[in-house]
Amino acid sequence: MGMRNRVYIDNIFRHEIADGTEVTLKGWLYNKRSSGKLVFLLLRDGTGTIQCTVYKPTVGDDMFGVADKIAQESSFTITGNIHKDERAPGGYEIQVSRVELIHQAVDYPITPKEHGPEFLMDNRHLWLRSKNQHAIMRIRHTVIKAIRDFFDGRGFTLVDTPIFTPAACEGTTTLFETEYFDSKAYLAQSGQLYAEAGAMALGKVYCFGPTFRAEKSKTRRHLTEFWMVEPEVAFNDLYDNMELAEDFLEYIVQTVLRERAQELNILERDTSKLANVKAPFPRVHYEEAVKIIRESGLPFESGNDFGAPDEAAISAKYDRPVIVHHYPAAVKAFYMKRDPNEPDKALAMDILAPEGYGEIVGGSQREDDYDTLLQRIKEHDLPPEAFDWYLDLRRYGSVPHAGFGLGVERTVTWICGIQHLREAIPFPRMIHRLKP
RNA sequence: UGCUCAGUAGCUCAAUGGCAGAGCAUUCGGCUGUUAACCGAAGGGUUGUAGGUUCGAGCCCUACCUGAGCAGCCA
């Protein structure tokens, strides 16, 4: 009895347990409806939600009183028989024979009505229990698993890169500074430079961890702490890099479509747009992208980097992610190699997600010549002594190599079809958000 | 950092410069089939803060605080 028959709601909806079986479920009250001698308890247990019907003549007055007084998000144990019923949400319910309260919740703040973003973010630790947030977290989990499976299946080695770093990686964005004994350390804004060292040791590597940027961004596309996966491959050029990235994105999206159909349905995602995400992706040279922007009616000066409206104009032309390559070297990072045939262009590529979700991938072939790289460091006013170890990679068996970074939250936001990056991570960190 | 908008009950929102309101949540009562259940009742307010205009300010003006959206930065 009891624990021996304990099951998860998931087991019931997957038909792993026969109709009529007596089971025990443990979870929290999602919602309740009562009707005199009948109480409907919506139980959630992390794997799903199921309706439990408590009928007064069956359980008796005392136990019915318990069921009738359970408040939203209280925890309880329920025992009863699985019953197929058209009237129950999902087609199955539990006909309850026993209810045991574990803990009564008092005044749960998130009611089954609408709430504003500030209130929900203040209650993020509770908001995660809601149906949509639950679905997003499950999709995020699958995205992360797909990322690891993809690289592991292709012989990549995970190389963890440090979070405390001595200096700027790219020298562009603002870094978080922290005390490090009697000196300063900075929180990593990218693991790329270390991943390059890893690639020279292990051939094909990826790093995957949190990154930190102290930019005072206040848009729905920015977090100060976000997760990024960065593959780096020795002997790959720009075009190998593009192929890797498009196969990678296809794998992630198709995996989510296959394994998280139910969650995408809860989020009311139009999956036909995701089904298009198959390699090869359209490839657009920077100068061609400039033409597209101008044709869309936006003013644009060649040589500039793209702004958010420019990216939207480009991606609007395609039904799948689009690769933009050969950006002006002047607007890109110091470590990117230039194209010998177009010396003012970097061997760089960005991937823009469809439906206006913007840049989700940024990558390049790296500069592999010692003297050129040293010159770039000086041109960008970076201290060469901080990069001595990085320059060593060009002194001892330098090879062409390339890699890219994929933003996990932007990818999750796009796949889920949601409006805010802050919902794509359990506890977002933003300029005005450090709690909970 | 700049521009725009917002702040009224625990939450979401109303209120022409003239008595501070509703729905949800909470408490109590009613109902065997509810689907964000429904019906009846009750409690719940220093209208973000400080000042100003006015016979009278939630509403108009000034400053500040807090947040949101957009831009820049980027993934």
Side-chain angles (χ1 to χ4, degrees), chain A residues 30-42 49-58 64 68-69 71-73 83 85-91 93 95 105-123 126-127 130-131 169-170 172-175 189-192 208 210-230 245 304-312 327 331-333 350-353 357-363 404-414 419-422 424-425 430-433:
Chain A
Y30 197 76
N31 202 354
K32 179 178 70 178
R33 291 178 281 272
S34 71
S35 183
K37 293 175 181 166
L38 189 62
V39 173
F40 300 93
L41 303 174
L42 258 71
T49 306
I50 195 165
Q51 174 169 289
C52 306
T53 58
V54 186
Y55 185 40
K56 198 171 189 175
T58 305
F64 186 82
D68 198 36
K69 286 191 169 54
Q72 190 189 2
E73 286 304 322
H83 179 68
D85 195 309
E86 294 283 324
R87 295 168 294 185
E93 64 184 21
Q95 294 190 331
V106 178
D107 294 338
Y108 186 72
I110 303 178
T111 63
K113 286 281 180 179
E114 289 171 11
H115 299 282
E118 187 184 2
F119 175 79
L120 289 169
M121 286 310 310
D122 284 342
N123 289 286
L126 303 175
W127 189 23
S130 302
K131 192 177 287 184
C169 163
E170 304 184 9
T172 50
T173 55
T174 316
L175 302 178
Q189 59 161 312
S190 165
Q192 183 206 310
F208 192 4
T211 50
F212 307 89
R213 299 196 182 168
E215 295 291 340
K216 293 183 175 177
S217 302
K218 280 172 58 179
T219 79
R220 53 178 137 169
R221 301 187 308 280
H222 291 86
L223 298 169
T224 55
E225 176 181 319
F226 64 97
W227 285 69
M228 186 158 65
V229 56
E230 295 170 278
N304 287 353
D305 204 353
F306 301 137
D310 306 317
E311 287 181 355
Y327 282 80
V331 302
K332 288 293 183 180
D350 285 353
I351 301 184
L352 309 178
Y357 279 93
E359 184 181 342
I360 51 172
V361 165
F404 62 84
L406 172 94
V408 169
E409 288 76 20
R410 286 189 181 177
T411 303
V412 171
T413 302
W414 160 53
Q419 295 304 307
H420 304 275
L421 207 61
R422 61 185 168 217
I425 185 168
M430 296 175 289
I431 180 167
H432 292 123
R433 177 62 58 184

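Below, read A as the first sequence line, B as the second, and so on, with proteins coming before strands; counting in each chain starts at 1.
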Check your understanding: Roughly how far apart, to the nearest Å, are B:rA25 and B:rA42 at atom C1'?
Key -> 14 Å
Check your understanding: What does A:Asp85 touch in the nucleic acid at a heavy-atom separation under 4.0 angstrom: a base, only the sugar-phosphate, or nothing?
Key -> base
Practice item. Look at the side chain of A:Ser217 and the backbone N and O of A:Thr219, then say whether any donor-acceptor pair between them is shorter than 3.5 Å. Key: no
Review point. Hey, does A:Gln72 reach any base, or is it just sugar-phosphate, or nothing, if we go heavy atoms under 4.0 Å?
Key: nothing
Review point. Say you pick atom C1' in B:rU49 and the same atom in B:rC13; how far apart are they, in whole Å?
Key: 23 Å
Review point. Across the strands shown, which category fits A:Arg422 at heavy-atom distances under 4.0 angstrom: base, sugar-phosphate, nothing?
Key: sugar-phosphate
Practice item. Using a 4.5 Å cut-off on heavy atoms from C-beta on, say whether the side chain of A:Arg33 contacts that of A:Leu42. Key: yes
Review point. Looking at A:Arg221, does any N or O in its side chain come under 4.0 Å of the phosphate oxygens OP1/OP2 on B:rA71?
Key: yes
Check your understanding: Just checking A:Leu42: base, sugar-phosphate only, or nothing, at a heavy-atom cut-off of under 4.0 Å?
Key -> nothing
Study note, to complete from the structure: Atom CZ of A:Phe64 and atom C1' of B:rC31 are separated, to the nearest Å, by 10 Å
Review point. Which comes earlier along RNA chain B counting from the 5' end, the contact point of A:Met430 or that of A:Asp310, where each point is its nearest nucleotide?
Key: A:Met430
**Study point:** Inter-nucleotide C1' distance (B:rA75, B:rC24), Å rounded
**Key:** 39 Å
Exercise for review: Please check if the side chain of A:Tyr327 supplies one atom and the backbone of A:Phe306 the other of a donor-acceptor pair under 3.5 Å.
Suggested key: no
Review point. Heavy-atom distance under 4.5 Å between the side chains of A:Val408 and A:Phe226, does that happen here?
Key: no
Revision key, fill the gap. Under a 3.5 Å limit on both distances, the Watson-Crick or wobble mate of B:rG17 is none
Check your understanding: Taking the same atom, P, in B:rG52 and in B:rC11, what whole-Å distance lies between them?
Key -> 30 Å
Practice item. Pick base, sugar-phosphate or nothing for A:Gly307, based on heavy-atom distances below 4.0 Å to the nucleic acid. Key: sugar-phosphate
Check your understanding: Heavy atoms under 4.0 Å, any strand shown: does A:Val361 hit a base, just sugar-phosphate, or nothing?
Key -> sugar-phosphate
Practice item. Classify the nucleic acid contact of A:Glu225 as base, sugar-phosphate or nothing, counting any heavy atom under 4.0 Å across all strands shown. Key: nothing
**Study point:** Pairwise P distance, B:rG69 and B:rG58 [rounded to whole Å]
**Key:** 30 Å
**Study point:** Stacking check A:Phe226 vs B:rA75 (5.5 Å / 30 deg)
**Key:** yes
Point to revise | Nucleotide opposite B:rG33 in a Watson-Crick or G-U pair, distances under 3.5 Å | key: none
**Study point:** Under 4.0 angstrom between A:Arg220 side-chain N/O and B:rC70 OP1 or OP2
**Key:** yes
**Study point:** Sugar-phosphate only, base, or nothing, as touched by A:Leu223 at under 4.0 Å among non-hydrogen atoms
**Key:** base
Point to revise | Candidate nucleotides B:rC73, B:rG33, B:rG67, ranked by approach to the side chain of A:Glu118 - the nearest | key: B:rG67
Practice item. Under 4.0 Å between any heavy atoms, over every strand shown, what does A:Ser34 touch: base, sugar-phosphate, or nothing? Just pick one. Key: base
**Study point:** Options B:rU26, B:rA71, B:rG33, nucleotide nearest the side-chain atoms of A:Pro309
**Key:** B:rA71
Study note, to complete from the structure: Taking for A:Glu93 and for A:Val331 the nucleotide of RNA chain B with the nearest heavy atom, the one nearer the 5' end belongs to A:Glu93
Exercise for review: Name the pairing partner of B:rG10, where a pair is Watson-Crick or G-U wobble with both distances under 3.5 Å, or state none.
Suggested key: B:rC24
Review point. At under 4.0 Å between heavy atoms, what does A:Phe119 touch on the DNA or RNA strands: base, sugar-phosphate, or nothing?
Key: sugar-phosphate
Check your understanding: For A:His222, which of A:Glu215, A:Arg213, A:Arg410 qualifies under side-chain contact (heavy atoms from CB on, under 4.5 Å)?
Key -> A:Arg410
Exercise for review: Could you check how far CZ of A:Arg33 sits from P of B:rA25, rounded to whole Å?
Suggested key: 12 Å
Check your understanding: If you look at every strand shown and take non-hydrogen atoms under 4.0 Å, does A:Ala71 touch a base, only sugar-phosphate, or nothing?
Key -> nothing
**Study point:** Sugar-phosphate only, base, or nothing, as touched by A:Gly407 at under 4.0 Å among non-hydrogen atoms
**Key:** sugar-phosphate
Practice item. Go through B:rA75, B:rA71, B:rG33 for me and flag the one nearest to the A:Arg410 side chain. Key: B:rA75
**Study point:** A:Glu409 side-chain N/O to A:Arg422 backbone N/O, donor-acceptor pair under 3.5 Å
**Key:** no
Practice item. Using only side-chain N and O atoms of A:His420, determine if any of them is under 4.0 Å from OP1 or OP2 of B:rG69. Key: yes
Check your understanding: Has A:His432 got a side-chain N or O lying under 4.0 Å from the OP1 or OP2 atom of B:rA68?
Key -> yes
Exercise for review: If B:rG67 has a Watson-Crick or G-U wobble mate with both distances under 3.5 Å, name it; if not, just say none.
Suggested key: B:rC5
Practice item. Can you tell me, in whole Å, how much space there is between the P of B:rU16 and that of B:rA57? Key: 16 Å
Exercise for review: Report the C-alpha distance between A:Asp68 and A:Lys37 in whole Å, list the side-chain angles of each, state the deciding distance to 0.1 Å, and finish with yes or no for salt bridge (charged side-chain N to carboxylate O under 4.0 Å, His left out).
Suggested key: CA-CA 9 Å; A:Asp68 198 36; A:Lys37 293 175 181 166; over 6 Å; no
Revision key, fill the gap. note: A:Lys218, atom NZ; B:rG67, atom P; distance rounded to Å ~ 8 Å
Exercise for review: With P as the reference atom in both, quote the distance from B:rC60 to B:rA68 in angstrom, rounded to an integer.
Suggested key: 24 Å
**Study point:** Distance, rounded to the nearest Å, where A:Lys216 contributes NZ and B:rC70 contributes P
**Key:** 19 Å
Review point. Do the side chain of A:Ser217 and the base of B:rC73 come within less than 3.5 angstrom through a donor-acceptor pair of N or O atoms?
Key: yes
Review point. Is there a Watson-Crick or G-U wobble partner for B:rU47 with both distances under 3.5 Å, and which nucleotide is it?
Key: none
Check your understanding: In whole angstrom, what separates A:Leu175's CG from B:rC73's C1'?
Key -> 13 Å
Review point. If you look at every strand shown and take non-hydrogen atoms under 4.0 Å, does A:Pro109 touch a base, only sugar-phosphate, or nothing?
Key: nothing
**Study point:** Between B:rC65 and B:rG56 - P atom distance, rounded Å
**Key:** 30 Å
Check your understanding: How long is the line joining CG of A:Asp305 and P of B:rA75, in whole Å?
Key -> 10 Å
Check your understanding: Does any non-hydrogen side-chain atom of A:Lys32 lie less than 4.5 Å from one of A:Leu41?
Key -> yes
Practice item. Using atom NZ of A:Lys69 as one end and atom P of B:rU27 as the other, report the distance to the nearest whole Å. Key: 9 Å
Review point. Which nucleotide in the list B:rA75, B:rC70, B:rC11 gets nearest to the side chain of A:His115?
Key: B:rC11
Review point. Atom OH of A:Tyr108 and atom P of B:rC24: how far apart are they, to the nearest Å?
Key: 20 Å
Exercise for review: For A:Glu230 and A:Gly363, indicate whether the former's side chain and the latter's backbone hold a donor-acceptor pair under 3.5 Å.
Suggested key: no
